[in-house]
Undergrad: 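Pasting a structure below so you can have a look.
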Amino acid sequence: MHARTSPVAPLSPPRGRRSPHPTSPTRPTSHATPTPDAVMSTEDKIDALIVRLHEIEAVKFGEFTLKSGLVSPIYVDLRVIVSYPDVLASVAGCMWEVLKRNGAEFDNMCGVPYTALPIATCMSLNNDCPMLMRRKEVKDYGTKKAIEGAFTSGQTCLIVEDLVTSGASVMETVEPLNDVGLVTKDVVVLIDREQGGEARLRSHDLRLHAVLPLSRVLKTLEAKNLMSAELVATVKAFIAANQTGPNASGNEMGAAAAPTPAVFKRDSYEHRATLTENKCAKDLWNLMARKKTNLCVAADVGTAKELIVLADKIGPEICILKTHCDLYPDFDDAFGATLLELAAKHDFMIFEDRKFADIGNTVVGQYSSGVHKIADWSHITNAHIVPGAGIIDGLKQVGLPKGRGLLLLAEMSSAGTMAKGQYTEDAIAMAAKHPDFVMGFISTRPSAWKGAWSRGLVQMTPGVQLGGGGDGLGQQYNTPDRVIKECGSDVIIVGRGIYKAADPVASAAEYRKAGWDAYVSAL
């Protein structure tokens, strides 16, 4: 999340976008004091929180009759966390961290009555972010306001919720906020039961940031021997059979009105290689099939030296190494040759994530010359389509004779992105006109695209982590399994989950297996 008035200290949580109060100047900001668990890794903090929620019986297993009449093997009751200050603080901290990592921006926040109110209060106090309150029952006397607090029309308000099942309770809070002129874009939740709420919110242009998808809770409790494999299977089967339909309400499960997400059926990588006109794409399809990996590592390290060392270590596990050469202060003329030697040694391709965005004549020079001479050593690069088709013509002039490939940025998952809808359709159309050079797309959910596109094109999706749940755990629900099987991507792009891991090689091997298993099961 980006602060708008002053930089955030490295160990401090993020702050909301600062805007003046209606009757006072902008208040000075303050930073929350790091707690002892600030030194823990994100994954460790998440695991500790899950175990603690189980200990205080906020997550319980057995037989529970829900309001709908269904008997559920799991019951989530987060009202109890107000009696455990350590848990409440941890919940608020983890929810703030996922917002920070996902780049959410907002001016104030509002908790969904009633369980989320203490969570929102804790987040507000810890991070000096203004809070509003929605009255669940509007009084017929006094001010008769539905929304209490100091705000101005046009400000952006974050929705804070404890648990999402159908998303209906969130919408009950969104509507009165919108009625008084507040803009709602983001919803942060502790637990998502993964029963259709995220899809419902997305249909209303709301981005869900979940700390804990229910599948992550089950995974951790099973790993800690707090759940049996049989119980995990029972809960998963119940969730799959009871997806919420459009008429579901509150945080109770609806009837099985909606099917489980469809698995995106695909052709093999070998067959896809026969459908492309681009040499680089053909080489990549065959490489993935031969090496049995669809893992791309986004090696956003600070120096060229670090990148070379990392590439040599994880090279055997990957199909692509994604670089940002303008990050490296020690970049020199030997960089490209050294990296190409490692690519040949370990059988992977190089993707310079340059994101070209200028007119054709300019990108010719940026791609072929300058300090970095990207076209000489990078097999793949990418570009925005904002300048129009001329940017493809310019890059093709340099890259096509060298057998290079271009990815178009068709979708992005960051808050407020313009890369969606008609923008995506235009990217598909431009790719169709340049099949010899455009090899694919950077995308988030190509399985949902309306426009037809050649299956010879490669779909690559960033922000993938095994835990899912948000950018702090990867972008929203971007587990390898979901990205490959449900979203229809071909290559998973993993960054911090590997290069910041205690053992990058072991982590790369784990992601490689997860990505490949998902692909095989989707054939």
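Worth saying up front: this structure is predicted, and the values here are computed from it rather than measured.
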Undergrad: For the residue pair Val59 and Ile191, establish whether any side-chain heavy-atom pair is separated by less than 4.5 Å.
TA: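 Touching, per the 4.5 Å side-chain cut-off.
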Undergrad: If I take atom NZ from residue Lys219 and atom NZ from residue Lys224, how far apart are they, to the nearest 0.5 angstrom?
TA: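 One finds 12.0 Å between NZ of Lys219 and NZ of Lys224.
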Undergrad: Any chance you could measure Leu406, atom CG, to Leu395, atom CG, to the nearest 0.5 Å?
TA: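 Going from CG on Leu406 over to CG on Leu395, the span is 5.5 Å.
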Undergrad: Does either side chain, that of Glu352 or that of Thr381, offer a donor lying less than 3.5 Å from an acceptor on the other one?
TA: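 No, no side-chain donor-acceptor contact under 3.5 Å.
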Undergrad: Only one of Asp205, Ile159, Thr156, Val170 clears side-chain contact (heavy atoms from CB on, under 4.5 Å) with Thr184; which?
TA: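 Answer to the side-chain contact (heavy atoms from CB on, under 4.5 Å) test with Thr184 among Asp205, Ile159, Thr156, Val170: Ile159.
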Undergrad: For the residue pair Ser443 / Gln459, report whether a side-chain donor-acceptor contact shorter than 3.5 Å exists.
TA: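 Gln459 vs Ser443: donor-acceptor pair found between side chains.
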Undergrad: Measure across Gly497 and Ser507 and return the closest heavy-atom pair with its distance rounded to 0.1 Å.
TA: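 So the two residues come closest at O-OG, 2.7 Å.
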Undergrad: Could you go through Leu214 and Gln195, starting from their C-alpha distance and side-chain angles, then the distance that decides it, and tell me whether this counts as side chain to side chain contact (heavy atoms under 4.5 Å, CB included)?
TA: CA-CA 9 Å; Leu214 186 59; Gln195 289 181 259; 5.8 Å; no
Undergrad: With the side chain counted from C-beta on, respond yes when Val297 and Tyr511 share a heavy-atom pair under 4.5 Å apart, and no when they do not.
TA: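 No, their side chains stay 4.5 Å or more apart.
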Undergrad: Start with the C-alpha gap between Met227 and Leu218, add the side-chain angles, then the distance that decides, and say whether side chain to side chain contact (heavy atoms under 4.5 Å, CB included) holds.
TA: CA-CA 8 Å; Met227 285 184 73; Leu218 302 180; 3.7 Å; yes
Undergrad: For Glu161 and Ser169: C-alpha separation, side-chain torsions, deciding distance, then whether side chain to side chain donor-acceptor pair (under 3.5 Å) applies.
TA: CA-CA 9 Å; Glu161 178 63 299; Ser169 61; 2.8 Å; yes
Undergrad: I'd like to check Leu182 versus Ser153 (side-chain heavy atoms, cut-off strictly below 4.5 Å). Are they in contact?
TA: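 Not in contact.
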Undergrad: Please step through side chain to side chain contact (heavy atoms under 4.5 Å, CB included) for the pair Ile56 and Val87, ending with a clear verdict.
TA: CA-CA 9 Å; Ile56 66 173; Val87 178; 4.0 Å; yes
Undergrad: Got Thr424 and Trp453 here, is their nearest side-chain heavy-atom distance under 4.5 Å?
TA: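 Not touching, per the 4.5 Å side-chain cut-off.
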Undergrad: Rounded to the nearest 0.5 Å, what's the gap from OG1 on Thr173 to NZ on Lys136? Could you check?
TA: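 Going from OG1 on Thr173 over to NZ on Lys136, the span is 8.5 Å.
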Undergrad: With a 4.0 Å cut-off on N to O distance, would you call Glu175 and Arg134 a salt bridge?
TA: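 No, no charged N to carboxylate O under 4.0 Å.
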Undergrad: Testing the 3.5 Å rule here: is there a donor-acceptor pair between the side chains of Ser215 and Glu194?
TA: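 The answer is yes; a qualifying pair exists.
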Undergrad: Hey, can you tell me if Phe441 and Trp449 have their rings parallel, tilted or perpendicular (30° and 60° cut-offs)?
TA: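 If you compare the ring of Phe441 with that of Trp449, the planes turn out perpendicular.
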Undergrad: Looking at every heavy atom in both Cys94 and Ile46, which two are closest together, and how far apart are they?
TA: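 Here Cys94 and Ile46 meet closest at SG-CD1, 4.1 Å.
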Undergrad: Which residues satisfy the salt bridge (charged side-chain N to carboxylate O under 4.0 Å, His left out) test with Asp77, sequence neighbours excluded?
TA: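 Here the qualifying residues are Arg79.
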Undergrad: Quick one: do Val112 and Val160 satisfy side chain to side chain contact (heavy atoms under 4.5 Å, CB included)? Show the steps, please.
TA: CA-CA 6 Å; Val112 175; Val160 180; over 6 Å; no
Undergrad: Name the residue from Asn102, Val188, Val187 that meets the side-chain contact (heavy atoms from CB on, under 4.5 Å) definition with Arg207.
TA: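 Looking at Asn102, Val188, Val187, the match for Arg207 under the side-chain contact (heavy atoms from CB on, under 4.5 Å) is Asn102.
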Undergrad: Is Glu97 salt-bridged to Lys45, going by a charged N under 4.0 Å from an acidic O?
TA: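 Judged by the 4.0 Å cut-off on N to carboxylate O distance, Glu97 and Lys45 do form a salt bridge.
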Undergrad: Return each pair, listed once, that meets salt bridge (Lys or Arg N to Asp or Glu O under 4.0 Å) where at least one residue sits in residues 148-158; pairs must be two or more places apart or across chains.
TA: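 Applying salt bridge (Lys or Arg N to Asp or Glu O under 4.0 Å) to every pair that reaches into residues 148-158, excluding sequence neighbours, yields Arg135-Glu148.
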Undergrad: Does Ser203 reach the main-chain N or O of Arg200 with its side chain, forming a donor-acceptor pair under 3.5 Å?
TA: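 Present.
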Undergrad: Which heavy atom of Ala298 sits nearest to which heavy atom of Ile493, and what is that distance?
TA: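 Distance-wise, the nearest heavy atoms are CB-CG2, 3.9 Å.
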Undergrad: For Thr444, is there any backbone N or O sitting under 3.5 Å from a side-chain donor or acceptor partner on Glu411?
TA: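 Indeed, once roles are kept as given, a pair shorter than 3.5 Å links the two residues.
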Undergrad: Do Val80 and Glu57 touch side chain to side chain, with heavy atoms closer than 4.5 Å?
TA: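 The answer is no, as the side chains (C-beta and beyond) never meet within the 4.5 Å cut-off.
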Undergrad: Would a distance-only check, ignoring hydrogens and angles, find a side-chain to backbone donor-acceptor pair under 3.5 Å from Asn108 to Pro130?
TA: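 Side chain of Asn108 to backbone of Pro130, a donor-acceptor pair under 3.5 Å: no, none is there.
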Undergrad: Is a side-chain donor or acceptor of Thr121 paired with a backbone partner of Leu117 at a separation under 3.5 angstrom?
TA: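 Such a contact is found between Thr121 side chain and Leu117 backbone.
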Undergrad: Out of curiosity, Arg216 CZ to Ile50 CD1, how far, rounded to the nearest 0.5 Å?
TA: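 CD1 of Ile50 is found 5.0 Å from CZ of Arg216.
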Undergrad: What I'd like to find out is whether the side chain of Met430 reaches to under 4.5 Å of the side chain of Val438, using heavy atoms alone.
TA: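 No, every pair of side-chain atoms sits at 4.5 Å or beyond.
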Undergrad: Could you measure the distance from the CG atom of Leu177 to the CE atom of Met109? Nearest 0.5 Å is fine.
TA: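 If we round to the nearest 0.5 Å, Leu177:CG and Met109:CE are 13.0 Å apart.
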Undergrad: Tell me, do Phe106 and Val183 make a side-chain contact under 4.5 Å, heavy atoms counted?
TA: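 Heavy-atom side-chain distance check fails, nothing below 4.5 Å.
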Undergrad: Where is the tightest heavy-atom contact between Val491 and Cys296, given as atom of each residue plus distance?
TA: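 Reported closest heavy-atom pair: CG1-CB, 3.7 Å.
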Undergrad: When you look at NZ of Lys500, are more than 12 heavy atoms from neighbouring residues, nucleotides or ligands closer to it than 6.0 Å?
TA: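 No, NZ of Lys500 has 12 or fewer neighbouring heavy atoms, counting only those of other groups under 6.0 Å.
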Undergrad: With a 3.5 Å cut-off and no angle check, do the side chains of Arg445 and Thr461 form a donor-acceptor pair?
TA: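 On atom types as modelled, these side chains do not qualify, holding no pair under 3.5 Å.
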Undergrad: Regarding Arg52 and Glu55, does a basic nitrogen lie under 4.0 Å from an acidic carboxylate oxygen?
TA: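 Looking at Arg52 and Glu55, the cut-off is met.
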Undergrad: Between Ile119 and Met95, which heavy-atom pair has the shortest distance, and what is it?
TA: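 It is CG2-SD, 3.6 Å.
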Undergrad: Might you point out which heavy atoms bring Leu457 and Asp490 nearest each other, and give the distance in Å?
TA: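 The pair with the smallest heavy-atom distance is O-OD2, 3.9 Å.
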Undergrad: Is a side-chain N or O of Ser447 found less than 3.5 angstrom from the main chain of Glu486, in a donor-acceptor match?
TA: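 Such a contact is found between Ser447 side chain and Glu486 backbone.
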Undergrad: For a 4.5 angstrom cut-off between non-hydrogen side-chain atoms, does Leu49 reach Leu190?
TA: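 Leu49 vs Leu190: side chains touch.
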Undergrad: Kindly determine whether Asp353 and Asn382 satisfy side chain to side chain donor-acceptor pair (under 3.5 Å), including the steps that lead there.
TA: CA-CA 6 Å; Asp353 190 7; Asn382 58 354; 2.6 Å; yes
Undergrad: As an exercise, state the distance from CE of Met460 to CG of Asn294, rounded to the nearest 0.5 Å.
TA: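 It is 10.5 Å, given to the nearest 0.5 Å.
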